[in-house]
Amino acid sequence: MPQIKVRLKPRKELSYSAGVSLLDICREHEDSCDSVIAALVNGKERDLTSSLESDSEVAFLNFTDEQGARIYRHSTSHVLAQAVKRLYPDAKLGIGPAIENGFYYDFEFPEPISAEDLDKIEAEMKRIIAEKLPIRRREISREEALELFRQKGETYKCELIAELPDNEPISIYEQGEFVDLCAGPHLPDTGKIGAFKLTGLAGAYWRGDERNPMLQRIYGTSFPTAEQLERHLELLEEAKKRDHRKLGRELDLFSLHEEGPGFPFFHHNGMIIIEELISFWRREHRRAGYEEIRTPIILNRKLWEHSGHWDHFRENMYFTKIDGEDYAVKPMNCPGAMLVYRSRMHSYRDLPRRIAELGLVHRHELSGTLHGLLRVRSFTQDDAHIFMTPDQIESEVAGVIDMIDRFYRVFGFNYRVELSTRPAKAIGSIEMWNRAESILERVLQARGLPYRINEGEGAFYGPKIDFHLEDCLGRSWQCGTIQLDFQMPSLFDLSYIGPDGQKHCPVVIHRVIYGAIERFLALLIEHYGGAFPAWLAPQQAVVIPITERQHLYAAEVYEALRGANFRVYVDDRSEKVGYKIREAQLKKIPYMLVLGEREAAAKQVAVRHREEGDLGPCSLDNFIARLREEIEEKK
RNA sequence: GCCGACGUAGCUCAAUGGCAGAGCAGCUGACUUGUAAUCAGCAGGUUACCAGUUCAAGUCUGGUCGUCGGCUCCA
């Protein structure tokens with residue numbers, strides 16, 4: 001038996017005879033071999049049950065490694081599938097991957113199951129785990145695989161096998177009587193799964209396509225210990241307290257009504273935040289050389305036919321009739337901006353022309369996708385269209401990326417970047433698309449921004465760079481976007497006169513920073529958990545007189561703060577201080593100013609901060625200076 | 001749109017097919033209070049809506065509307 005060298009990370013050099021199993025190496029060299037899930041062999045994920053035939057670099061994976069956790073949960077999804085097959089032998093298997101924080105498995109049941117059935121399935125899963133079934137990998141030929149799953153009636157698996165690339169080995173994993181098509185790797189046996197829970201039941205189209213049959217998806221999660229599982233479930237509960245729908249009601253920011261599904265109502269408190277966001281936005285845009293326009297909400301159908309929206313976006317649009325003619329409620333602002341550009345002649349010296357618009361658009365989204373303020377049917381885009389010459393594209397795109405980064409930084413948002421490419425319903429030539437896509441890619445690479453490619457998710461008129469933010473449950477939502485457009489300008493016959501005295505067609509960037517004000521507000525609410533920084537807080541301070549004897553002084557303090565342009569009110573109800581403070585805390589007001597005999601006598605205010613607590617007395621002027629600085633610096 | 005769940009007072013939640021209730025919020029009054037809930041009283045409902053079964057429906061059945069969780073993070 002030839003000897004092989006094994007470099008065990010972090011730094012061990014070992015020698016074994018070829019054919020040694022990873023499990024053996026693990027038992028010998030890992031202190032807590034029980035917690036090892038799988039291994040990376042020369043960077044590739046492998047089962048612990050597999051063996052080494054040549055010199056290798058090995059790193060063992062634990063649950064604390066992201067890859068390890070995914071494998072652990074993927075194995076749990078197989079246990080779920082096995083349990084389902086035991087209880088419902090006629091159920092057909094879909095796919096069952098690990099996802100962030102858990103896993104799912106899709107099934108087609110002969111009769112739909114309901115949420116109560118999950119208990120039964122969980123019980124069976126526990127049995128399978130107690131059986132400690134060894135999990136074995138086997139590579140088989142395409143023909144064998146097809147035959148195996150055809151026999152079992154697993155039509156979805158057969159479909160997957162047929163689509164696997166020729167050069168890829170086909171592997172199956174067996175545990176007890178259960179077998180699944182799977183690339184792996186997996187835990188060595190089912191007994192390794194500590195704590196798990198099935199968390200949800202949902203419908204899911206096979207392969208996410210609504211033309212395919214709908215399967216039932218069971219969601220779950222698993223952890224090595226019950227404590228970790230419990231902690232995870234508690235974290236989810238905590239996160240729900242930050243839900244913008246709950247906080248929106250509690251803080252009186254907005255409301256949603258049956259009378260207008262998907263059409264949010266903003267209350268005074270919500271409007272204050274929106275107004276602050278907008279005035280910040282206006283200041284930054286003026287500084288960055290933007291103009292601002294406003295175009296109509298309802299425009300003639302002919303315009304939408306002309307722009308391509310009639311052909312490509314009609315299902316999402318609302319229509320109406322005026323004087324016997326068809327009109328549409330705008331789903332996008334671009335045609336309006338095109339008309340503004342076209343309303344006068346342009347020289348190349350005028351470009352780039354950056355035209356911004358806070359445009360209220362309406363889109364008919366599927367009823368089932370509506371979600372608080374995060375997915376609505378009417379929203380305000382902080383839109384802009386940049387008209388420019390072709391050689392200005394890169395610097396303008398870079399400028400917008402800078403601007404988005406600057407904005408998101410103010411709020412402390414982490415974001416993810418995606419590049420979306422040509423969709424099925426696209427207008428314009430393939431060459432144009434390729435050119436546009438490569439320009440966007442080049443700018444991203446030049447900036448060293450990590451990004452993901454979203455095949456086929458671009459707008460119908462051009463590719464785009466999207467900026468995604470996360471909500472309280474980690475779901476990601478597109479906010480900022482930069483879309484490159486070579487089509488719309490020529491459709492609208494836009495032009496500028498070049499240095500050569502000839503007419504040329506400009507290129508357009510469509511872009512938003514917040515995206516939709518409504519969605520951005522929702523994410524802000526969750527991001528801050530409702531405790532907005534002073535510059536955004538609907539009420540920045542509350543004046544709390546202790547008894548009626550301080551009401552006069554309270555009015556004085558109130559007037560001074562109002563005079564300094566702060567949002568403030570007096571709580572002069574006949575309640576105890578503790579009661580008023582508790583209420584102000586629940587309303588997440590940044591500052592509470594308690595006024596008693598001492599403060600009134602010394603003309604001071606006793607400052608309490610919602611997070612820092614009692615800060616003691618200080619002069620009114622000092623407090624005003626403190627709050628003013630906090631607001632100006634958007635702390 | 002599709003799959004599943006849910007819909008009772010402003011909010012959070014009770015009520016075996018048998019008189020719709022509690023806490024908080026609201027209103028009135030008393031209390032004059034020193035850093036997260038003072039006490040008492042009052043008021044608040046076509047149980048989402050529309051049909052049906054039943055002596056009797058918040059509860060059972062059907063439909064409509066709305067809300068929530070999902071609908072590739074590819075074996």
Side-chain angles (χ1 to χ4, degrees), chain A residues 70 74 77-78 81 93-106 109 112-118 145 149 154 156-164 168 170-173 180-184 199-219 240 243 245-246 249-250 252 255-262 315 364-372 452 473-476 544-551 573-586 592-599 606-610 613-617:
Chain A
R70 291 186 84 86
H74 188 189
S77 89
H78 276 217
L93 302 174
I95 59 170
I99 52 175
E100 203 178 333
N101 297 321
F103 61 87
Y104 67 78
Y105 212 111
D106 288 343
F109 290 93
I113 62 161
S114 76
E116 290 101 69
D117 298 318
L118 294 182
F149 288 103
E154 299 290 1
Y156 297 106
K157 293 292 179 190
C158 291
E159 194 180 320
L160 293 170
I161 295 166
E163 286 177 24
L164 286 172
E168 204 164 306
I170 295 180
S171 57
I172 56 170
Y173 276 80
D180 198 359
L181 173 74
C182 187
T199 51
L201 180 65
Y205 296 105
W206 170 238
R207 317 194 99 180
D209 191 328
E210 61 186 14
R211 289 164 303 194
N212 288 337
M214 176 158 284
L215 309 181
Q216 282 192 289
R217 173 170 297 178
I218 299 176
Y219 284 91
K240 278 192 200 147
D243 191 310
R245 292 165 296 195
K246 181 176 153 67
R249 188 176 52 236
E250 287 171 1
D252 199 14
S255 56
L256 299 163
H257 303 271
E258 282 195 22
E259 289 81 352
E315 290 81 55
H364 182 260
E365 302 288 350
L366 292 179
S367 59
T369 63
L370 299 181
H371 184 104
R452 197 168 90 184
L473 292 177
R475 294 174 291 208
S476 102
I544 300 178
I546 289 176
T547 74
E548 275 172 13
R549 291 188 296 279
Q550 288 87 43
H551 281 192
R573 293 172 303 171
S574 114
E575 296 289 351
K576 290 189 171 176
V577 197
Y579 182 87
K580 296 181 187 179
I581 284 180
R582 176 182 155 79
E583 201 166 282
Q585 286 283 155
L586 292 175
M592 287 150 262
L593 304 178
V594 178
L595 309 183
E597 296 281 4
R598 298 195 291 272
E599 288 74 21
V607 181
R608 180 190 163 97
H609 184 266
R610 81 185 154 201
D614 193 349
L615 301 177

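Throughout, protein chains are lettered first and strands after them, A, B, ... in sequence-line order, and every chain is numbered starting at 1.
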Is there any protein nitrogen or oxygen under 3.5 Å from a nitrogen or oxygen in nucleotides 28-32 of chain B, and what are the pairs?
unit_1: B:rC31; atom_1: N3; unit_2: A:Ser574; atom_2: OG; d: 3.0
unit_1: B:rC31; atom_1: N4; unit_2: A:Ser574; atom_2: OG; d: 2.1
unit_1: B:rU32; atom_1: O2'; unit_2: A:Arg549; atom_2: NH1; d: 3.3
unit_1: B:rU32; atom_1: O2; unit_2: A:Glu548; atom_2: N; d: 3.2
unit_1: B:rU32; atom_1: N3; unit_2: A:Glu548; atom_2: OE2; d: 3.3
unit_1: B:rU32; atom_1: O4; unit_2: A:Glu548; atom_2: OE2; d: 2.4

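With both ends at atom P, the span from B:rG17 to B:rU61 equals 12 Å, rounded to whole Å. To the nearest whole angstrom, the two P atoms, one in B:rC60 and one in B:rG7, are 10 Å apart. B:rU53 and B:rU59 are spaced 13 Å apart, taking the C1' atom of each and rounding to whole Å. Taking atom C1' on both nucleotides, B:rA14 is separated from B:rA9 by 13 Å, rounded to a whole Å. Atom name C1', nucleotides B:rU47 and B:rG70: the rounded distance is 29 Å, in whole Å. Between the C1' atoms of B:rA57 and B:rU16, the separation comes to 13 Å (whole Å). A distance of about 9 Å separates the P atoms of B:rC2 and B:rU64, rounded to the whole Å. Comparing the C1' positions of B:rG18 and B:rG1 gives a spacing of 42 Å, expressed to the nearest Å.
Here A:Ser367 reaches the OP1 or OP2 of B:rG1: one of its side-chain N or O atoms lies under 4.0 Å away. Proximity of A:Arg245 to the phosphate of B:rC68: a side-chain N or O atom is located under 4.0 Å from OP1 or OP2. At the phosphate of B:rG69, OP1 or OP2 sits under 4.0 Å from a side-chain N or O atom of A:Arg475. Of the side-chain N and O atoms in A:His609, none sit less than 4.0 angstrom from OP1 or OP2 of B:rU35. Note on A:Arg217: every side-chain N or O is 4.0 Å or more away from OP1 and OP2 of B:rU72.
Across all their heavy atoms, A:Gln216 and A:Phe109 have their closest contact at OE1-CD1, 3.3 Å. Across A:Ser171 and A:Ala183, no two heavy atoms sit closer than the pair OG-CA, 3.6 Å. The nearest pair of heavy atoms linking A:Ser77 to A:Gly96 is OG-O, 2.7 Å. Of all heavy-atom pairs between A:Leu93 and A:Tyr156, the closest is O-CB, 3.3 Å.
Residue-to-nucleotide proximity on RNA chain B shows that, of A:Glu597 and A:Arg573, the 5′-proximal contact is made by A:Arg573. Mapping A:Gly96 and A:Asp209 onto RNA chain B via the closest heavy atom, the residue that lands nearer the 5' end is A:Asp209.
Between the A:Lys246 side chain and the A:Lys240 main chain, no donor and acceptor come within less than 3.5 Å of each other. Using a distance-only test at 3.5 Å, with no hydrogens or angles considered, no donor-acceptor pair links the side chain of A:Asp106 to the main chain of A:Gly94.
Across all strands shown, A:Ala584 has no heavy atoms under 4.0 Å from either base or sugar-phosphate atoms. Here A:Ile161 lies out of heavy-atom contact (under 4.0 Å) with every strand. At a threshold of 4.0 angstrom between heavy atoms, the contacts of A:Glu583 with the nucleic acid are absent. Across all strands shown, A:Ala183 has heavy atoms under 4.0 Å from base atoms, whether or not it also approaches the sugar-phosphate. Within 4.0 Å (heavy atoms only), A:Gly372 reaches sugar-phosphate atoms of the nucleic acid but no base atom. Within 4.0 Å of A:Tyr579, counting heavy atoms only, lie sugar-phosphate atoms of the nucleic acid but no base atom. In this structure, A:Arg249 reaches the sugar-phosphate backbone alone: every heavy-atom distance under 4.0 Å involves primed, P, OP1 or OP2 atoms, never a base. Within the nucleic acid shown, A:Glu168 comes within 4.0 Å of at least one base atom, counting heavy atoms only. Residue A:Val594 is classed as a base contact, given a heavy-atom separation below 4.0 Å to a base. When heavy atoms are screened at a 4.0 angstrom cut-off, A:Tyr156 is found touching no nucleic acid atom at all. Residue-level contact check: A:Gly596 touches the bases, meaning some heavy atom is under 4.0 Å from a base atom. Within the nucleic acid shown, A:Glu315 has no heavy atom closer than 4.0 Å to any nucleic acid atom. The residue A:Leu366 sits close to a base: some heavy atom pair falls under 4.0 Å. As judged by a 4.0 angstrom heavy-atom cut-off over every strand, A:Lys157 is placed among residues touching the sugar-phosphate backbone only.
The one candidate from A:Arg610, A:Lys580, A:Arg608 that meets the side-chain hydrogen bond (donor to acceptor under 3.5 Å, both in side chains) condition with A:Gln585 is A:Arg608.
At least one side-chain heavy atom of A:Cys182 sits under 4.5 Å from a side-chain heavy atom of A:His74.
A donor-acceptor pair shorter than 3.5 Å can be found between the side chains of A:Asp180 and A:Tyr105.
Between the CG atom of A:Leu118 and the P atom of B:rG70 there is a distance of 15 Å, rounded to whole Å. Separating the CG atom of A:Leu473 from the P atom of B:rC68 is a distance of 13 Å, rounded to the nearest angstrom. Put simply, CG on A:Leu595 is 12 Å from C1' on B:rU35, counting in whole angstrom units. The CD-P distance, from A:Gln550 to B:rU33, rounds to 9 Å in whole Å. When rounded to the nearest whole Å, the span between CG of A:Asp252 and C1' of B:rG26 equals 14 Å. Between A:Tyr219 atom OH and B:rC3 atom P the separation is 17 Å, expressed in whole Å. As rounded to whole Å, 16 Å separates atom P of B:rU33 from atom CD1 of A:Ile581. Here B:rC6 presents its P atom at 21 Å from CG of A:Leu370, a figure rounded to the nearest Å.
In A:Arg573, the CZ atom is crowded: over 12 heavy atoms of neighbouring residues, nucleotides or ligands sit closer than 6.0 Å.
Ion pairing of A:Arg475 with A:Glu100 is absent here, as no side-chain N (NZ or NE/NH1/NH2) approaches a carboxylate O to less than 4.0 Å. Salt-bridge formation is detected for the pair A:Arg207/A:Glu159: a Lys NZ or Arg NE/NH1/NH2 atom is positioned less than 4.0 Å from an Asp or Glu carboxylate oxygen.
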Next item on the list: Let me see the working for A:Thr369 and A:His371 under side-chain hydrogen bond (donor to acceptor under 3.5 Å, both in side chains), right down to the final yes or no.
Entry: CA-CA 6 Å; A:Thr369 63; A:His371 184 104; over 6 Å; no
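With B:rG70, B:rA25, B:rA36 as the choices, the nucleotide that has an atom nearest any side-chain atom of A:Arg608 turns out to be B:rA36. When each of B:rG69, B:rG70, B:rG26 is scored by its nearest atom to the side-chain atoms of A:His371, the top-ranked nucleotide is B:rG69. Listed nucleotides B:rG7, B:rC71, B:rA5 differ in distance to A:Thr369; the shortest reach to its side chain belongs to B:rC71.
Where RNA chain B pairs in unbroken runs of 3 or more (Watson-Crick or G-U, both distances under 3.5 Å), the stems are B:1-7 with B:65-71, B:10-13 with B:21-24, B:26-30 with B:38-42, B:48-52 with B:60-64.
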